[in-house]
Amino acid sequence: MKKSKVIVPIMVVVAVLATIILNQEDYNEVTIINKILIIAGAAIVSSIIGYFLLGSDINKIDPKPTNNTFNNKKGKQ
């Protein structure tokens, strides 16, 4: 899985939530240009943070253990 498959939905979710919040009555005095800049900035910053938090080892998963030591009965080891 590439990072872009995760980062793009993060950007979309943040942009939608920012739009919903900025369209409330409390923010009527904010102009439309400023709202667009805030929404775009929030999406970009969230994608940058997500890019660094995901790291480069998104496909690396620990292998399944071969010996099952937790399910041994008492006395058997």
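The figures that follow rest on heavy atoms only: side chains count, while hydrogens, waters and symmetry mates do not. Along the sequence shown, the residues carry numbers beginning at 1.
Open room surrounds CD on E25; 12 or fewer heavy atoms of other groups in view lie less than 6.0 Å from it.
Note on L53: it clusters hydrophobically with V45, by side-chain heavy-atom contacts below 4.5 Å among ILVMFWY residues. In the hydrophobic clustering of ILVMFWY residues, with side-chain heavy atoms under 4.5 Å counting as a link, F52 and V6 come out together. A continuous path of Ile, Leu, Val, Met, Phe, Trp and Tyr side chains, each step under 4.5 Å between heavy atoms, connects I21 with I38, placing both in one hydrophobic cluster.
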>> Go through it in stages, so that I can follow the logic: the residues are V14 and M11, the test is side chain to side chain contact (heavy atoms under 4.5 Å, CB included), and I'd like the CA-CA distance, side-chain angles, deciding distance and then a yes or no.
In response: CA-CA 5 Å; V14 169; M11 289 178 66; 6.0 Å; no
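The structure places OG of S46 at 15.0 Å from OH of Y51, a figure rounded to the nearest 0.5 Å. To the nearest 0.5 Å, the span separating OG1 on T19 from CD1 on I36 amounts to 9.5 Å. Atoms CD1 and CD1, from I39 and I44 in turn, are 12.0 Å apart once rounded to the nearest 0.5 Å. With values rounded to the nearest 0.5 angstrom, I32 atom CD1 is found 9.0 Å from L22 atom CG.
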